[in-house]
Asks: 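Quick one: this structure, given as structure tokens, is what I'll be asking you about.
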Amino acid sequence: MSRLIEVFSVRSRMAPGGTFAMEFHPDKGTVFFIDNQQQGAAVGDAEFFNMALKIWVGGSPVEPLLKDALLGA
């Protein structure tokens, strides 16, 4: 989790129109991107990726309105 916190501590907030993405690569781990720029080295395994994904789109997301917006609901 400290890696995820590190990624977001780079900036205090996302600019309007900014993007955040994360990708899981079985041979590397989870890679984070802000505005299409990779944020450090890959980290974790499939379990880490699933846990990070659940923060936003899991059954009990941190912010339900954000989940709806991310999923286009």
Asks: Quick one: side-chain contact (heavy atoms from CB on, under 4.5 Å) partners of Lys28, sequence neighbours excluded?
Replies: His25, Ala42

Asks: For residues 43-58, which side-chain donor-acceptor pairs fall under 3.5 Å, sequence neighbours excluded?
Replies:
from  : atom 1 : to    : atom 2 : distance (Å)
Asp45 : OD1    : Glu47 : N      : 3.1
Asp45 : OD1    : Phe48 : N      : 3.0
Asn50 : ND2    : Ala46 : O      : 3.3

Asks: For Gln37, does its backbone N or O pair with a side-chain atom of Gln39 as donor and acceptor, under 3.5 Å?
Replies: yes

Asks: Tracing side-chain links under 4.5 Å among I, L, V, M, F, W and Y, which residues wind up in one group with Val31?
Replies: Phe33

Asks: Heavy atoms only: give me the nearest Pro64-Pro61 pair and the separation to one decimal.
Replies: CA-CG, 3.9 Å

Asks: Show your reasoning for whether side-chain contact (heavy atoms from CB on, under 4.5 Å) applies to Thr19 and Asn36.
Replies: CA-CA 7 Å; Thr19 61; Asn36 299 316; 4.2 Å; yes

